[in-house]
Number of protein chains: 2
Amino acid sequence: MKSMSQTTGAGRTRKGGETKERIVDCALRKFRQYGYDGTTMRGIAEDAGVSLGNAYYYFKSKDHLITAYYRESHETHIEACEPILDGEKNLKKRLLGVLRTRVETSMPYHRFSMQLFKTAADPESPLSPFSDEQTEVRDLSVDIFRRVIDGSSTKVSGKLATELPMLLWTYQMGIILYWVHDRSQGCSQTYKLIDHSTDLVVRLIQLNRLPPMRPLVNRTLKLLADLKPLRTNGA
Amino acid sequence: MKSMSQTTGAGRTRKGGETKERIVDCALRKFRQYGYDGTTMRGIAEDAGVSLGNAYYYFKSKDHLITAYYRESHETHIEACEPILDGEKNLKKRLLGVLRTRVETSMPYHRFSMQLFKTAADPESPLSPFSDEQTEVRDLSVDIFRRVIDGSSTKVSGKLATELPMLLWTYQMGIILYWVHDRSQGCSQTYKLIDHSTDLVVRLIQLNRLPPMRPLVNRTLKLLADLKPLRTNGA
DNA sequence: GTCTATAACCGGATAGAC
DNA sequence: GTCTATCCGGTTATAGAC
């Protein structure tokens with residue numbers, strides 16, 4: 001654990017912190033307005049009233065501004081989810097609510113996300129939501145799904161219980177991937193996908209209770225475990 | 001259907017065709033040797049003995065050279081697969097053989113593919129293996145899996161039969177995605193993944209025969225059908 | 001040490017002459 | 001079909017100011 005901010009160690013004085021914040025704000029605004037490709041570092045710097053080189057003092061690359069997006073994105077999401085996580089007991093409704101909210105709150109960044117996913121899809125990059133460097137935000141995000149399960153009336157048992165929050169997070173990433181490319185009016189296709197797939201997912205979770213299913217479930221979990229060590233050099 | 005080559009309509013004279021071919025050859029060699037990012041258009045042009053501008057006359061962007069890679073990649077694969085497709089009857093062994101061969105033949109391009117997937121993961125791009133523009137090569141690739149099934153002793157029935165070749169192709173893309181990020185010695189992790197996952201996949205295919213499974217299978221297929229129309233503007 | 005600015009460099013892409 | 005000249009934007013080197 002190194003601790004936070006990829007952003008060059010910078011921003012440790014009153015003025016520095018403010019400058020950094022100003023850059024982030026301008027960047028996010030430009031991202032919403034013009035998308036990722038349509039936003040230039042020169043443009044951000046100009047808006048923020050700093051020189052180009054100075055912007056690079058705070059963020060060592062354009063990509064690194066993405067971390068700022070992840071943070072804002074998560075905060076907006078969890079805030080909007082509280083009512084559902086607090087008030088609803090039915091598993092399917094909880095899951096449905098969290099996923100729909102994720103899409104809704106991300107809407108202003110639709111164009112941006114389209115172009116983002118190109119960089120984010122590459123687990124090489126520290127900017128990938130799957131990378132070590134994003135552990136912090138990712139864990140917060142996985143936690144939402146832990147709450148989805150724990151706060152519901154459906155009890156999950158066996159090996160599945162441990163893995164489920166992370167699996168649901170991955171499932172959410174799949175939804176996002178779809179949304180990113182969804183050009184339908186108001187992203188109605190994505191909402192349809194959410195409805196149909198949560199139905200399936202909840203069924204599968206409940207199927208886990210049937211003893212004859214256990215070997216298949218366990219074998220699948222074992223496979224997923226194998227999928228993990230992408231970054232290690234193990235033989 | 002527009003027909004082939006994304007490459008600007010160019011290359012229709014004797015000399016033109018040769019120049020184009022020379023560019024492709026130099027590009028692929030450089031891709032193998034230095035990866036995608038490590039290869040510059042200027043470098044390719046120089047090796048091919050043409051000017052930078054001229055290279056752009058034949059390929060309207062660096063990305064468009066990727067089409068050339070897809071083509072070579074597919075040809076090498078199918079050639080290497082013939083023995084298995086002709087000689088083996090067991091479904092699992094056929095599938096295993098085809099997937100292993102895919103990885104083996106792609107090995108010289110491992111570094112290249114790492115960087116490639118960044119661009120290819122974006123279905124926006126005409127370079128994505130999922131895009132309309134790549135229908136031609138993709139169909140050829142899906143066809144390999146049709147042969148895997150048809151030539152095997154296992155009979156597949158129901159709605160699954162129609163979709164299975166395409167599903168297996170998608171599954172192969174998943175394997176490739178894993179391989180691309182696999183840093184283990186000789187990509188042993190990927191081969192392990194292939195072994196374990198084909199086992200699971202073949203089991204699932206055979207499970208399809210059990211009547212009680214049908215509703216779940218059909219519901220899943222319906223969901224997958226919903227997943228398709230990513231590019232349309234449907235309500 | 002923390003911050004800021006100016007002037008390059010590099011490589012993908014385009015314009016336009018021949 | 002081919003070239004040269006140029007643009008554009010991410011990134012870096014470097015030098016100074018607080």
Side-chain angles (χ1 to χ4, degrees), chain A residues 5-24 26-27 30-31 33-68 112 115-116 118-120 122 125-127, chain B residues 5-24 26-27 30-31 33-68 112 115-116 118-120 122 125-127:
Chain A
S5 50
Q6 271 58 44
T7 79
T8 355
R12 276 301 146 238
T13 79
R14 179 134 42 276
K15 185 135 153 280
E18 277 161 23
T19 307
K20 187 169 170 178
E21 204 176 328
R22 210 163 353 109
I23 293 173
V24 170
C26 294
K30 269 186 162 356
F31 284 159
Q33 198 161 359
Y34 306 109
Y36 187 73
D37 297 346
T39 301
T40 71
M41 285 300 279
R42 282 167 175 88
I44 295 170
E46 191 177 2
D47 277 21
V50 298
S51 73
L52 177 60
N54 198 200
Y56 274 97
Y57 173 75
Y58 289 100
F59 297 91
K60 75 172 189 286
S61 83
K62 187 181 175 186
D63 285 355
H64 281 74
L65 282 162
I66 292 172
T67 314
F112 168 74
Q115 299 157 337
L116 171 61
K118 217 178 55 181
T119 16
D122 170 21
S125 151
L127 285 318
Chain B
S5 46
Q6 272 57 47
T7 79
T8 355
R12 275 306 146 234
T13 76
R14 180 138 35 279
K15 186 134 154 280
E18 279 161 23
T19 307
K20 187 169 170 179
E21 203 176 328
R22 207 160 0 106
I23 294 172
V24 170
C26 294
K30 269 184 162 357
F31 284 159
Q33 199 163 0
Y34 307 109
Y36 187 73
D37 297 346
T39 302
T40 71
M41 286 300 276
R42 282 165 172 89
I44 294 171
E46 190 176 3
D47 277 19
V50 298
S51 74
L52 175 62
N54 197 200
Y56 274 99
Y57 173 74
Y58 289 100
F59 296 91
K60 73 172 191 288
S61 84
K62 186 183 174 185
D63 285 354
H64 280 74
L65 282 161
I66 292 171
T67 315
F112 168 74
Q115 299 158 339
L116 170 61
K118 221 179 51 182
T119 17
D122 171 21
S125 152
L127 283 319

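Side chains are part of it too, since the values below use all heavy atoms of this structure and drop only hydrogens, waters and symmetry mates. Just so it is clear: chains get the letters A, B, ... in the order the sequence lines come, proteins before strands, and each one is counted from 1. Note that the coordinates shown come from a computational prediction; the quantities given were computed from them, not determined experimentally.
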Side-chain touch B:T39/B:F112, heavy atoms, less than 4.5 angstrom | no
Looking at the side chain of A:T19, which of C:dA13, C:dT4, D:dT11 is the nearest nucleotide?
-> C:dT4
Taking the side chain of B:K15 as heavy atoms from C-beta outward, which of C:dT4, D:dT2, C:dA13 is closest to it?
-> D:dT2
Testing D:dG10, C:dG12, C:dA5 for proximity to the side chain of B:T40, the answer is C:dG12
Rounded to the nearest Å, what distance is computed from the NZ atom of residue A:K62 to the P atom of nucleotide C:dC10?
-> 21 Å
Does a nitrogen or oxygen in the side chain of A:Y56 sit under 4.0 Å from OP1 or OP2 of D:dT11?
-> yes
Nearest-angstrom distance from the residue atom CG of B:D37 to P of C:dC10 | 17 Å
Nearest-nucleotide wise, let me know which of B:V50 and A:M41 is further upstream toward the 5' end of DNA chain D.
-> B:V50
For B:Y57 and B:A10, work out which heavy atoms get closest and say how close.
-> CE2-CB, 3.5 Å
Protein-nucleotide distance (A:I23, atom CD1; C:dC3, atom P), rounded to Å = 11 Å
Looking at every strand, decide which applies to A:G16 at a 4.0 Å heavy-atom threshold: base, sugar-phosphate, or nothing.
-> sugar-phosphate
Separation of C:dA15 atom C1' from B:L52 atom CG, nearest Å, is 13 Å
Report which part of the nucleic acid B:S51 touches: base, sugar-phosphate, or nothing (heavy-atom distance under 4.0 Å, all strands).
-> base
Could you tell me the separation between the NZ atom of B:K20 and the OG1 atom of B:T13, rounded to the nearest 0.5 Å?
-> 11.5 Å
Less than 4.5 Å apart, any side-chain heavy atom of A:L65 and any of A:Y58?
-> no
When you measure from the side chain of A:Y57, which nucleotide among C:dG12, D:dT11, C:dT2 comes out closest?
-> C:dT2
Going by modelled atom types, is there a donor-acceptor pair between the base of D:dG10 and the side chain of A:R42 at under 3.5 Å?
-> yes
Could you check which of C:dT4, D:dG10, D:dC3 has an atom nearest any side-chain atom of B:N54?
-> D:dC3
Which whole-number value in Å describes the distance from B:F59 CZ to C:dA13 P?
-> 13 Å
Please examine the side chains of B:F59 and B:T67, heavy atoms only from C-beta on, and report whether any two atoms are closer than 4.5 Å.
-> no
From CG of A:D63 across to P of D:dG9 the rounded distance in Å is 17 Å
